[in-house]
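The block underneath contains the structure these notes are about, expressed in C-alpha cells.
Convention: sequence-line order gives letters A, B, ...; per-chain numbering from 1.
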Amino acid sequence: MASAGMISTAFSLRLIFLLILVVRLGSTGIAAEKGQPPSAPASRFSDLQREFVHNWIRAAAPGCPREQAEPAAVEFLDELRRTAPRDLELLMTPEFPIRKHQSKLLRWVGAQLTGPAQSAVREDVARRRIQAVLDQDTTGSAARPIDAAAAISKIKAMAPVYPRRLFEGRMDEDELALLLRKVSDPAGEAPAREPAKPRELTAAGLVAEFARRNQDGAAAQRLRALAFEIEFTPASGERLELFLFRLRPDRFRLVVRSGGATRTITAYDGTGYWQLVPGQPARAIPGSAVGELRHLREFLDPLLSESGFTFERLADATSEGRKEYRIAVRRPDASGHIALIDQETFRQVGRETATKQLVRYSDFREVGGLTLPHREEIFEPGEQRSSTVVIRRAIADPGLVQALFAPPESGLPDYFALEGMLARARTAGPKDSDPLPR
Amino acid sequence: MKPTLSQSHTAFLHRNRTRTGGWIRRVVLIAVSSLVILYVGGAFAGYMFLRHVRKNDQVTVLDVALLRWRDVRRSMAAQQFERAQVEWDAGNFQAAFVAFTFAVSNDPDNATGRLNAARFLQSAGALPMALTMLEAGLERTPQHEALIERTFETLLATGRDERVLELLRQRSAGDYPARVALRLHTYELQARLNRGDLDGARKLLLAHPELAKSRDSRRSVAQLQWESKERLRALELLTRQVEEQPDDRESAAQLIQWQLVSGMTADAVRIAELASKRAPGNSGVRVQLLEALALQTNRGIEWLGAVEDFMREFGARPEAVGQLSALAGRRGWVDLARRLYELAAMRESDLTGPALAYCDALIRGQRYREAGEALDQIEAQTLEGGLPFVVQLRTRQIFVAAGKGDRTAVADLSRRLAAAVRNDSGTRELVRRTFQKAGIPEAAEALGEPAASAVAMRK
C-alpha cells in the first residue's frame with residue numbers, strides 16, 4: 001500500500017511538472033501569436049547578438065533612432081528564435097541569410113517608430129522593406145517589375161488601412177507579398193490617386209504638388225539650417241567662392257571669397273543687415289541698400305514655404321522640347337518672379353526675374369530630405385554668355401547658431417587675421433598626437 | 001582405423017573453433033578497416049571543410065587527423081584576427097565586429113588579440129562590450145600585464161571606480177610580481193581618489209609607503225596631496241615627476257593646470273615649453289603652452305605670436321583647431337571661440353564641436369541667455385544624437401539653467417540626463433562628479449542612483 005502511495009505521489013508530481021511546462025509553453029506561444037514580446041525578452045539574447053542586430057538596423061534603416069532600434073532588435077531576435085531557430089544560431093556567422101530576414105527586421109523597426117514626428121522615417125523604412133522583399137524575390141512571382149517607390153505610391157493610393165498597416169509594421173510577410181503582387185498586377189491595380197491632369201491644376205495645386213514631389217515627408221518643416229559652399233563663375237570676371245549659411249526663420253550670412261581670402265561678409269541677424277570687409281569694423285546696411293540680397297532671408301524657396309507668398313498660374317511654356325508650368329510668385333512687398341516647373345518631373349527648372357534675367361536650374365540632389373538644384377545658369381537679357389553657380393557642398397542642419405549671423409565682437413586676433421593664419425598653415429606637418437585608443 | 005568418438009569430437013571442436021575464429025577475424029578486420037576508412041574520410045572531410053568552406057589557409061591535414069583542435073581553433077582565430085584588422089582598417093565595422101567576436105571565441109586565451117578586439121569595440125563606441133571582453137580576458141589570463149593595465153585604466157578613465165575596487169577585492173596583490181602589485185595598489189589609490197574617499201586613500205598610502213616612491217604612482221599620490229590641501233607638496237612631487245619623466249604628458253598637463261590655478265604662470269609656461277620641446281608635433285601640448293602664455297601675458301603680443309605659430313604649424317589639422325576652440329571655451333574667451341566657430345563653418349560639415357565650445361565660453365562669461373539659445377539651436381538641428389552628444393548638451397543646459405537660477409529647469413534637465421545615462425554607470429558617475437564639483441547639488445543628486453524604471457528593466 002505504502003509503495004502504491006509513493007508511486008501515485010511521484011506520478012502526481014510528474015503530472016504537475018508536465019502541466020506547468022504545458023502552461024508555460026502555451027503562454028509563450030499565445031504571446032508570440034499576438035505579436036507581443038514575452039516577458040523580459042532582453043535576457044534571452046546575448047549582448048553580442050543584440051549589438052549585431054542593432055548594427056544591422058543602423059545599416060538597413062539609418063533613420064531609426066537608437067532608442068527605437070534596441071527594442072526592435074530584441075523583437076526581431078525573438079521572432080527569429082520562434083520561427084527560424086537554426087538561423088538564430090547562425091546569426092553571428094557569415095552564413096546568416098541577411099537578405100532572407102531583412103524584411104522581418106524592418107517590419108519590427110517600423111513597429112517601433114510610433115511617434116507622430118517619425119512618419120517620414122516610418123515611410124522610408126516601409127520603402128526599404130518593400131525593396132528587401134523585391135530583392136529577395138528572385139522567382140519573378142511579381143506579375144511585372146516594380147520598384148519600391150512606385151509600390152509605396154500605389155499602396156498609398158489604396159484604402160488607408162494598407163499603408164497604415166504597412167508603415168506601422170503590422171503587416172506580416174505573407175500579407176506584404178500578396179499586397180505587392182496586387183500592386184504589380186496591372187489587372188488588379190487600384191485606381192491611382194495621381195494628381196489630376198496637369199492642365200487642370202490650379203496654382204495652389206501646382207505648388208502643393210511641387211512641395212510633395214520635392215521633399216521627403218515633411219523635410220521642409222524639419223529643416224532648421226542650411227550651409228552651402230558655392231562656386232560662382234560670372235560671365236566675365238574672376239571666379240568667386242561663396243559660402244551661404246541660412247538659419248530659420250530668416251538669418252543669412254554670405255561670405256564672398258577669392259584667392260582663398262574673404263573679401264566681404266554680408267549678413268542679416270534678425271534685426272538688421274551688416275557687412276564686414278578686411279581692415280574695417282563691421283557696418284550696418286540699411287534694408288533699402290541691400291537690393292536683391294534681401295531675398296536670401298527666405299530660408300526656403302517660396303514654392304516650399306508655408307506662407308507669405310501668393311501664386312498665380314500663367315500660360316504654360318516649352319523649353320528644349322519639355323513642357324513647363326509657369327507660376328508667378330509674389331512676395332508681400334510686391335516683388336516677385338516666375339517659377340518654371342517641369343511638367344514631368346515637377347522640378348523647378350528655371351526662374352524669370354522682374355529684370356528679365358533667366359535662371360536655369362539643373363543637377364538636382366537631395367539635401368536633408370529636400371530636392372535642390374546644384375547648378376544654376378544665369379542669363380542676363382541681351383547677353384550671350386551666362387554666369388554659373390555650382391553648389392559644391394550642401395549640408396543640412398550642420399549646427400548653426402545665432403552668433404554666426406550677428407556682427408563680430410572686438411578682440412584679437414580678428415576674423416581676417418585668423419583666416420590668414422589658417423591659410424598659411426602647413427599642409428603636412430609632423431604629427432605626434434596623444435595616443436588614441438587604437 | 002576408425003577414429004574413436006573422442007577423437008572425432010575433438011576434430012569437430014577444432015574445426016568448429018577454426019571456423020569461428022576465422023569468422024571473428026574477418027569481422028574484426030572489416031570493423032577495423034571500416035574504422036580506418038571512416039577516420040581517414042572524416043579527417044579528409046574535416047580538412048576540406050576547414051580549408052575550403054571556412055577558408056582557413058593555415059590548417060593542415062595532420063592538425064585534423066591528430067585531432068589538434070586547439071591548434072586548429074588557434075589557427076582559425078589568427079586568420080580571423082587578421083581579417084578583422086583588415087575590415088577595421090577599411091571601416092567595415094560590422095564585418096570587423098563579427099570577425100573579432102569569432103576570433104576571440106575561438107582563441108579566448110589570446111590576450112593580445114583580445115586587447116585588439118577591445119580596442120576595436122571601444123573605438124566603435126561599444127564601451128560596455130569592450131569592458132566585458134577585457135574583464136573576461138582578465139579572468140582567463142589574470143597575470144597578463146598588458147591586459148591588467150588596459151582593463152583597469154579603461155575602467156578608471158570611464159568613471160567605473162567601484163568596479164575597479166570590486167575587481168581588486170577579488171585579487172590578492174601577493175599573487176603578482178612586486179611591479180604589478182604596486183600598479184594594482186596605484187589603481188586602488190586612484191579609484192578611491194576619484195570616489196572622493198580621501199581617508200581610504202590615505203590609509204592605503206600608509207599601508208603601502210612604497211607608492212610614494214614609485215614613479216608610476218606619483219601622479220595619484222600628488223593628487224591625494226592636492227586634495228588634502230597640501231598643494232605645495234603636490235606641486236613639488238609632480239614637478240619632480242615631470243623632470244624625471246619628461247615624456248609623462250599626463251603629469252605635465254596636470255602640473256600646468258595646478259600651476260595656473262596657483263598663479264604660478266611663469267612655472268606653467270616653463271613646464272609647457274619643456275613639454276612642447278619633447279613633443280614638437282603634438283598639438284595638445286602646444287595648446288597647453290598657449291593657455292599658460294595667455295594667462296602670463298594677458299593674451300598680449302607674445303600670445304598672439306604663439307597663436308600664429310600654432311595655426312601655421314597645426315592649422316591644417318581639424319582636431320588642432322578643435323583643441324584651440326575647446327581651450328577658448330574652457331577659458332571663457334568668447335571672441336576667439338566665436339571666430340574659430342565662424343572659420344570652422346567654412347571648413348567642416350559638423351559644427352557641433354566648435355558650437356559647444358562657443359557655448360562653453362558664453363557660460364564661463366555668464367552670458368547664460370545667449371548660451372541657452374545657442375544650445376537650443378544646436379539641439380533643434382540634431383535629430384538623433386548619440387549618448388556622448390546628449391550628455392554634452394544636457395550638461396551645458398543644466399549649467400545654463402543653474403546660472404539663471406531656474407531650479408525647475410535644473411531639476412527637469414537633470415531628470416532627462418539621468419534617464420539618458422541610466423544604462424551607463426560610468427558616464428553617470430563622471431557627470432555626477434562634474435555637478436558635485438560645480439556646486440549644483442540638485443543635478444548631482446538626480447544622477448546619484450539610476451532611475452527606478454531602469455533598475456526594474458534590468459531586473
Would you call B/Arg338 and A/Glu409 a side-chain contact if the rule is heavy atoms closer than 4.5 Å? yes
Side chain, backbone, both or neither of B/Arg299 within contact of chain A (heavy atoms, under 4.5 Å): side chain
Proximal component of A/Phe243, with respect to chain B [non-hydrogen, under 4.5 Å]: side chain
Of the backbone (N, CA, C, O) and the side chain (C-beta and beyond), which part of B/Ala380 lies under 4.5 Å from a heavy atom of chain A, both, or neither? both
Largest heavy-atom contact set with chain A, pairs under 4.5 Å, which of B/Ser349, B/Ala374, B/Pro128, B/Pro354: B/Ser349
May I ask you to test the A/Phe52-B/Thr101 pair for a side-chain heavy-atom distance under 4.5 Å? no
When you compare the side chain of B/Thr382 with that of A/Asp397, does any pair of heavy atoms fall below 4.5 Å? no
Of the non-hydrogen atoms in B/Gln94 and A/Ala59, which two are nearest, and what is the gap between them? OE1-CB, 4.3 Å
Evaluate the side-chain proximity of A/Asn55 to B/Phe93: yes if any heavy-atom separation is below 4.5 Å, no if none is. no
Above 12 or not: heavy atoms from other molecules or residues under 6.0 Å from CZ of A/Arg239? no
Heavy atoms of B/Gln381 and A/Ala225 approach each other most closely as OE1-CB, 3.4 Å
Check each of B/Arg339, B/Met311, B/Glu342, B/Met346 against A/Glu419 using the side-chain contact (heavy atoms from CB on, under 4.5 Å) test, and report the only one that passes. B/Met346
Engaged part of A/Arg58 at the chain B interface, taking heavy atoms whose separation is under 4.5 Å: neither
Cut-off 4.5 Å, heavy atoms of chain A, and the answer for B/Phe120 is neither
To the nearest 0.5 Å, tell me how far A/Arg251 CZ sits from B/Gln377 CD. 7.5 Å
Among A/Arg224, A/Glu241, A/Arg257, A/Glu229, single out the residue with the greatest number of heavy-atom pairs under 4.5 Å to chain B. A/Arg224
How long is the span from the CG atom in B/Leu351 to the CG atom in A/Leu404, to the nearest 0.5 Å? 8.0 Å
Counting only heavy atoms closer than 4.5 Å, note whether B/Glu348 contacts chain A via side chain, backbone, both or neither. backbone
Side chain, backbone, both or neither: which part of A/Ile395 has an atom under 4.5 Å from a heavy atom of chain B? side chain
Below 4.5 Å from any heavy atom of chain B, which atoms of A/Ala406 appear? Answer side chain, backbone, both or neither. both
Excluding sequence neighbours, so at least two apart, what forms salt bridge (Lys or Arg N to Asp or Glu O under 4.0 Å) with B/Glu370? B/Arg367
Is A/Ala403 close to chain B through its backbone or its side chain, or both, or neither, when contacts mean heavy atoms under 4.5 Å? both
When rounded to the nearest 0.5 angstrom, what distance separates CG in B/Asp335 from OH in A/Tyr415? 15.0 Å
A/Leu400 portion near chain B, given a 4.5 angstrom heavy-atom threshold: both
Residue by residue, which of residues 302-309 of chain B have a heavy atom closer than 4.5 Å to a heavy atom belonging to chain A? B/Trp303, B/Leu304, B/Val307, B/Glu308
Drop me the distance from A/Met421's CE to B/Phe314's CZ, to the nearest 0.5 angstrom. 15.0 Å
